[in-house]
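These numbers come from the heavy atoms of this one structure, side chains and all, not from hydrogens, waters or symmetry mates. Along the sequence shown, residues are numbered consecutively beginning with 1.
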Amino acid sequence: MELLQFTSSPLLHGSSKFINSPEFYKSKLSNLKKPPTTTFRCCNHPNKTSHFANSKAFENVTKNLVIRASKSAELETAVIKKPQSQRFQVSKGYPTPFGATLRDGGVNFSIFSSNAVSATLCLITLSDLQENKVTEEIALDSFANKTGDVWHVFLKGDFKDMLYGYKFDGKFSPQEGHYFDPTKIVLDPYAKAVISRAQFGVLGPDENCWPQMACLVPTPEDEFDWEGDLPLKYPQRDLIIYEVHVRGFTRHESSKSEHPGTYLDEKNSIIGLQSKGISAGHLILCRTSHFVPLVKEIKHLPPPNPQNDSSTSILFFDLSLRKDLGINCLELMPCHEFNELEYFSYNSVLGDYKVNFWGYSTINYFSPMIRYSSAGIRNCGHDAINEFKLLVKEAHKRGIEVVMDVVFNHTVEGNDKGPILSFRGVDNSVYYMLAPKGEFYNYSGCGNTFNCNHPVVRQFIVDCLRYWVTEMHVDGFRFDLASIMTRGSSLWDSVNVYGIPIEGDLLTTGTPLRSPPLIDLISNDPILRGVKLIAEAWDTGGLYQVGIFPHWGIWSEWNGKYRDIVRQFIKGTDGFAGAFAECLCGSPNLYQEGGRKPWNSINFVCAHDGFSLADLVSYNKKHNLANGEDNNDGETHNNSWNCGQEGEFANILVKKLRRRQMRNFFLCLMVSQGVPMISMGDEYGHTKGGNNNTYCHDNDVNLCTLLISGTLLTHECESLGLSDFPTADRLQWHGHAPGLPDWSDKSRFVAFTLIDSVKGEIYVAFNASHLPVIISLPKRPGYRWEPLVDTSKPEPFDFLSSDLPAKEIAIKQYAPFLDANLYPMLSYSSIILLLSPDENA
């Protein structure tokens, strides 16, 4: 007779104490001179009994028994019962790994919950999910199907079109931090895909914004052909990052995509950038691998044949286009599963509906955003996973790394009024940072704070990051509001974290930690320490760590100080010349003392939140009425300047100045030591109409427009991507006269020369004054300076490329000044000059 596992039974309920301890059992067993005959009731044959005396069978069975001990410690009757299923063979299962895992011809389900008193595995077919039905429930035994705080079960059977979730029972006591509700089907935090609605922005059945969700069950057919794909492993100092929104990049009609707004773009042609009065080539000075492409227009490569579909050709994100811009790293805005209908509501201002467009409100951290795929929920999410993998593979083929923007600071479940979807229903007090009476800390500004430094949560985060690196082949991560990951967890104590008490350790929940366990764990992980790790080093609770984020020598930071200083100087604010010079050098004032390098600074002028580059030079104030919040949302202090008139429509002189300022920002970004980041759309001057918080718009405000093709022009320049901070051996500062920089509060002029192993030497100058100036250039016997870039000149003479037909004529126009070692600079302009042999010397 098969010996089965146990569950609770009325026969076991009584005044006696339940014991589930091997040590307890062994101690009692050792005191028995002769094991009593013990009766077990077999679940398969409830009317039959089997008797075991002092035998090997008895010894094996006792390892898994639930013992009811009387006061005399005599062994009494226990009932054996295992979870039942009509579709599947059910057995005990294994506590690791977490999630649903293929093994031994079946699927093992494992999930952590320390405070639940019961757990039920819910199996749901795809068709039943759409009808809000549960196909089958398998109640887990709290003894046989639980090891420590981990619930587990192993199933064999046909899992075709099968999904799963869990029901947990326990206290529903918000004041104690518990939200268990056995009527709710919750998602496994380790689920590899989450299935609900099929299309972005489309309501569920009965116009439900939150239809039931369920998790993907792995199948043996999940294999993906990576075609030998390996990490590119670019040195970080060689990166040029392009921040991009998946849906926003390909949804506009100009993309001519059969599946707009998805990972997959099934068209044969690659389309370029539309010039909105300012071409990409006249904005961008890029560098990569000791190499500076100066882009005039865009050249395109033919797309590859897709995997498993010879009838179409696939293009992801116009990758070749971005490669030709010098881009070698995509930073994808959130691609984890989120609900774009989270705050779906009518927007009377625009006459449409608000959606969560950006995606900074995660439901599940392992699942790619299913509605960013052309496949949707087809094949229960397996095809969507493969589409994301194909995106990464095709990016790597074109020499482009992929970094993910991840949001481990909060989840979609919000505060105590939010929904019970996953973490809250699995073990709320573990996954969220709570006050003593159950209130949610809100360092994220979104209702809750992920309890990142709790032992279980930090291991969860590391497991998730490892999955995206090993299984999805991503090259790194940008951590949204990363300072939250440095805060002490709920019920913080040094013994819990470090294993020993620390004298004077009076840290409370949320206190910033010098050596956060999560950051330590990531930084020393053998898989993760080799990928790109980028911190947004602040949070909404007032913690600002730019320059001081715990880094272990490998973390980089979004340099928010660079953004603010560069904006101030370029628009002509007094008192920023010295700080601007620090930015050009890679911010050594922030990173050098801590042993870091220029590439630890991610330099940016604009990002997804805040003004676009075109709006930065067109608006003094935010114009967010379209968000339906009476212009109360979004940042008020933008350090912007409209160049004389507010708004997109302005006179020709103002427009010319705006174009010049945009070029100044780009040139600054590209000649600064450190890693430059460009925000999607800034390469052609995309405007959002002065809205600096476009999180809720699935329309032209956030959509990238693409047109035009052309050629790639490059200019080598080794000195613009140094591995260390420049010193006086190769860097010299200048003012209006050589060697005489002006660092006074009234100075609006900064210039420098930089020794370059390829070009010999380059001269870069910024005149942020409203007045023009004639500058004296450093004398170099046997050589003369020639212009390469002058942002004040009309197109195409702002960049004197080698193939510009009228290049020689343009240079001759400078001759009277250059012969005298002088150069005229207009107001609000910047230049790059190169040395060339003086034929008249």
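Proximity of W558 to F549: side-chain heavy atoms (C-beta onward) are nowhere separated by under 4.5 Å. Side-chain contact between P676 and I241: absent, with no pair of heavy atoms (C-beta onward) separated by less than 4.5 Å. Contact of the L613 side chain with the F666 side chain is registered, since non-hydrogen atoms from C-beta on lie closer than 4.5 Å. By the 4.5 Å heavy-atom criterion applied to side chains, T411 and Y365 are counted as neighbours. Looking at heavy atoms from C-beta onward, H382 lies in side-chain contact with L216 at the 4.5 angstrom threshold. Counting only heavy atoms from C-beta outward, the side chains of W538 and L481 approach each other to under 4.5 Å. At least one side-chain heavy atom of K389 sits under 4.5 Å from a side-chain heavy atom of N386. A heavy-atom distance below 4.5 Å is not found between the side chains of E331 and Y242.
Side chain of E223 to main chain of E221: no donor-acceptor pair is present (N/O by atom type, distance under 3.5 Å, no hydrogens or angles). Between the side chain of K393 and the backbone N or O of D225, at least one donor-acceptor pair lies under 3.5 Å. Looking only at distances, a side-chain donor or acceptor of R529 sits under 3.5 Å from a matching main-chain atom of S523. Using modelled atom types, no side-chain atom of D700 and backbone atom of L703 make a donor-acceptor pair closer than 3.5 Å. N453 contributes a side-chain N or O that, together with a main-chain N or O of R487, makes up a donor-acceptor pair within less than 3.5 Å. In terms of modelled atom types and a separation under 3.5 Å, the side chain of E243 and the main chain of M680 share no donor-acceptor contact. Listed for the E413 side chain is a donor-acceptor partner under 3.5 Å among the backbone atoms of L421. A distance-only check finds a donor-acceptor pair linking the side chain of N442 to the backbone of G445 [under 3.5 Å]. Remark: side-chain polar atoms of N347 are not paired, donor with acceptor, to backbone N or O of Y353 under 3.5 angstrom.
Annotation: W358 is not in aromatic contact with H697 [ring centroid separation under 6.0 Å not met]. For F460 and F423, the distance between ring centers is under 6.0 angstrom. F388 and W468 have their aromatic ring centers within a separation under 6.0 angstrom. Ring centers of H410 and Y360: at least 6.0 Å apart, outside the cut-off. Separation of the Y343 and Y695 ring centroids falls under the 6.0 Å cut-off. If you look at F604 and Y562, their ring centroids are not closer than 6.0 Å.
The shortest heavy-atom contact between I327 and I678 is CD1-CD1, 4.0 Å. When every heavy atom of N627 is checked against every heavy atom of C696, the shortest pair comes out as OD1-SG, 3.8 Å. P334 and V407 get closest at one heavy-atom pair: CG-CG2, 4.0 Å. Heavy-atom minimum distance, V107 versus L102: CG2-CD2, 3.9 Å.
Checked for salt-bridge contact, K397 and D229 miss the test: no charged N lies under 4.0 Å from a carboxylate O. For R378 and D383, the salt-bridge test passes: some basic side-chain N is under 4.0 Å from an acidic carboxylate O. Ion pair D698/K354 not flagged as a salt bridge, since none of the NZ, NE, NH1 or NH2 atoms sits closer than 4.0 Å to an Asp/Glu carboxylate oxygen. For E471 and R466, the salt-bridge test fails: no basic side-chain N is under 4.0 Å from an acidic carboxylate O. Contact check on D615 versus K688 returns no salt bridge, with no Lys/Arg side-chain nitrogen under 4.0 Å from an Asp/Glu carboxylate oxygen. A salt bridge links E337 with R371: the distance from a Lys NZ or Arg NE/NH1/NH2 to an Asp or Glu carboxylate oxygen falls below 4.0 Å.
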Let me see the working for D463 and Q459 under side chain to side chain contact (heavy atoms under 4.5 Å, CB included), right down to the final yes or no.
CA-CA 6 Å; D463 290 345; Q459 186 60 56; 2.9 Å; yes
Working note: F159 + Y164, criterion ring pair (Phe, Tyr, Trp, His ring centres under 6.0 Å); need CA distance, chi angles, decisive distance, verdict.
CA-CA 10 Å; F159 287 97; Y164 77 100; 9.3 Å; no
Please output the side-chain donor-acceptor pairs of residues 191-203 that fall under 3.5 Å, not counting sequence neighbours, one pair per line with the distance.
from, atom 1, to, atom 2, distance (Å)
K192, NZ, Y190, O, 2.8
R197, NH1, Q199, O, 3.3
R197, NH1, V202, O, 2.9
R197, NH1, E340, OE2, 2.8
R197, NH2, N339, OD1, 2.9
R197, NH2, E340, OE1, 3.1
R197, NH2, E340, OE2, 3.0

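With sequence neighbours excluded, no residue forms a side chain to side chain donor-acceptor pair (under 3.5 Å) with Y441. With sequence neighbours excluded, no residue satisfies side chain to side chain donor-acceptor pair (under 3.5 Å) with S367.
Judged by the 6.0 Å distance and 45° axis criteria, R424 is positioned over the aromatic ring of Y432.
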